[in-house]
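The block underneath contains the structure these notes are about, expressed in structure tokens.
For the single chain, residues carry numbers from 1 onward in sequence order.
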Amino acid sequence: MGFGKAVPALEVQNDDLKALVDTNDEWIRTRTGIESRHVAVGESNADLAEQAAREALGWDAGGFAERCLEAGEIDLVVFATITPDTVVPSMAGLLRRRLGLENAIAFDVNAACTGFVYGLTVAEVLMAASAPKTPGAAGRNPVRRALVVGAERLTRLTNWADRNTCVLFGDGAGAVLLENTEDEGADCVVASDLHTDGGYGDILKMPAGGSRRPASVESVGAHDHFIHMEGKEVFKLAVNAMVGAGKNVLEEAGITPDEVKLVIPHQANSRIILAVAPRLGVPDERVFMNISRYGNTSAASIGLCLDEAFRAGRIAKGDYVLLTAFGGGLTWGGAIFQYKE
């Protein structure tokens, strides 16, 4: 496996936001757990994704890669984002070109904050489906190595005059490299659980910007190209959904909470994270959090956490790691992987 991350150079502290809205550091920290966030100014989504991917592939220093891979060894790129640089071509296509991954299938996934979990699951399923059915046989278009990337520029969809949302979001990218092994099959993902319910889509959305409501004087004036969120409703649904997905993957994997070395939740709000952990039967010290430094980076958040957890030595060979997330759509899900090196 390999891991990498990237964040923009500009770091914005809570008190910096006082110039924009009626807020302060204490108000933000006590309600969200956020102290600062990184905001992309000159960096594009593709720039952040490329840096994270290069680290995961072992091409650049700073990541956690087991070895340096050749470009031709990558068979699949799954790119999770809701803030692409362009609608067409896809971000996965842009990244494939930038990295010279001439053998890779490449496509995007839009599942908001659950995007990284979706991406891992899709990659694992394709890897398993393409594996040879009999020892020594050649698979059809075999996917031996998959690069999963989550990257966002959420601050471009943020209404900086709305104190309920502008304090929450940050930009960044996280990447992970998965690899099939001949003796153990499709890498390390041992269980996953994905869900979508469009019936709650209105509580977390960007109303305009698609083909139904393209940009107009009216839509721009109504701030409909920014993220709109009903915070209280999201909080209640997020906790229940993340707990449910976590319990489902524990049951599917056949392991107990005591066997989980680390839980990595989507970094949306510290109160959500701390409400999820005890209901999963996992003590707070085995829950990874970095929301204080990055805010909510949507599909990038779990990838950022994975990179930092490995670099901090919090995951070792044989450990089980539980991922759980909730996002707009609404989407939610969980996954368990075992680090096998």
Side-chain angles (χ1 to χ4, degrees), residues 1 3 5 7 28-37 64 112-118 120-121 150 168 170 172 174 176 188-195 234-253 255-327 331-339:
M1 296 185 75
F3 301 89
K5 74 167 187 179
V7 293
I28 298 169
R29 278 190 298 106
T30 56
R31 287 162 176 79
T32 69
I34 299 168
E35 298 175 12
S36 65
R37 74 285 297 141
F64 191 93
C113 302
T114 320
F116 205 88
V117 175
Y118 268 63
L120 281 175
T121 301
L168 300 176
V176 61
C188 57
V189 180
V190 296
S192 60
D193 182 58
L194 303 179
H195 299 272
V234 169
F235 186 98
K236 291 186 293 185
L237 290 168
V239 172
N240 290 332
M242 291 169 70
V243 170
K247 289 181 176 180
N248 287 345
V249 292
L250 285 170
E251 182 178 356
E252 181 185 343
I255 66 175
T256 67
D258 290 339
E259 295 176 274
V260 175
K261 177 64 176 295
L262 198 64
V263 174
I264 298 182
H266 164 54
Q267 307 290 296
N269 183 302
S270 62
R271 293 189 298 164
I272 291 176
I273 295 170
L274 295 175
V276 167
R279 293 175 60 180
L280 288 175
V282 177
D284 291 348
E285 60 267 23
R286 284 196 276 131
V287 178
F288 192 88
M289 292 177 60
N290 62 10
I291 189 173
S292 63
R293 291 177 287 118
Y294 301 119
N296 181 346
T297 57
S298 187
S301 76
I302 287 180
L304 285 167
C305 288
L306 280 168
D307 177 81
E308 293 195 341
F310 273 89
R311 285 199 278 181
R314 298 192 62 179
I315 303 173
K317 185 176 180 180
D319 287 345
Y320 288 106
V321 180
L322 170 61
L323 314 176
T324 184
F326 175 90
T331 64
W332 66 97
I336 292 179
F337 76 84
Q338 185 178 29
Y339 181 46

Practice item. Apply the side chain to side chain contact (heavy atoms under 4.5 Å, CB included) test between V249 and each candidate in V117, L322, L323; give the one that qualifies. Key: L322
Study note, to complete from the structure: Tightest non-hydrogen contact, residues G174 and F116, listed as O-CE1, 3.6 Å
Practice item. Among residues two or more places apart or on two chains, list those pairs meeting salt bridge (Lys or Arg N to Asp or Glu O under 4.0 Å) that have a residue in residues 289-302. Key: R293-E308
**Study point:** Expected output: side-chain Q267 to main-chain N290 donor-acceptor under 3.5 Å
**Key:** yes
Study note, to complete from the structure: Value for CD1 (I255) from CD (Q338), rounded to nearest 0.5 Å, stands at 8.5 Å
**Study point:** Side-chain (T114) to main-chain (G327) donor-acceptor, under 3.5 angstrom
**Key:** yes
Review point. How many angstroms lie between atom CG of L304 and atom CZ of F288, to the nearest 0.5 angstrom?
Key: 9.5 Å
Review point. How long is the span from the OG atom in S298 to the NE2 atom in H266, to the nearest 0.5 Å?
Key: 6.0 Å
Exercise for review: Flag yes if more than 12 heavy atoms outside E251 fall under 6.0 Å of its CD atom; otherwise flag no.
Suggested key: no
Point to revise | Nearest heavy atoms of K5 and R311, plus distance in Å | key: CE-NH2, 2.8 Å
Revision key, fill the gap. For A245 and G333 the tightest heavy-atom approach is CB-C, 3.5 Å
Practice item. Hey, can you tell me if F310 and Y339 have their rings parallel, tilted or perpendicular (30° and 60° cut-offs)? Key: perpendicular
**Study point:** Partners passing side-chain contact (heavy atoms from CB on, under 4.5 Å) against L168 (at least two apart in sequence or in another chain)
**Key:** T32, I34, M229
Review point. Nearest heavy-atom pair of L262 and A309: which atoms, and what distance?
Key: CD2-CB, 3.8 Å
Practice item. Kindly compute the distance separating CD (E259) from OH (Y320), expressed to the nearest 0.5 Å. Key: 6.5 Å
Exercise for review: Would you give the length of the straight line joining atom CG of L306 to atom CE of M1, rounded to the nearest 0.5 angstrom?
Suggested key: 7.0 Å
Practice item. For a side chain to side chain donor-acceptor pair (under 3.5 Å) with D193, tell me which candidate from T324, T121, N248 qualifies. Key: N248
Exercise for review: Work out which heavy atom in E35 is nearest to a heavy atom in R29; give both atom names and the distance.
Suggested key: CG-CD, 3.5 Å
Exercise for review: May I have the step-by-step check of side chain to side chain contact (heavy atoms under 4.5 Å, CB included) for S192 and L120, ending in yes or no?
Suggested key: CA-CA 9 Å; S192 60; L120 281 175; over 6 Å; no
**Study point:** Any side-chain heavy-atom pair of W332 and L237 under 4.5 Å
**Key:** no
Using a 3.5 Å cut-off and no angle test, enumerate the donor-acceptor pairs between side-chain atoms of residues 271-281 and protein atoms at least two apart in sequence or in another chain.
unit_1, atom_1, unit_2, atom_2, d
R271, NE, R31, O, 3.2
R279, NH1, N240, OD1, 3.3
R279, NH2, N240, OD1, 3.0

Revision key, fill the gap. Rounded to the nearest 0.5 Å, the CD1 atom of I291 sits from the OG atom of S36 at a distance of 11.0 Å
**Study point:** Distance-minimising heavy-atom pair for M242 and P265
**Key:** CE-CB, 3.8 Å
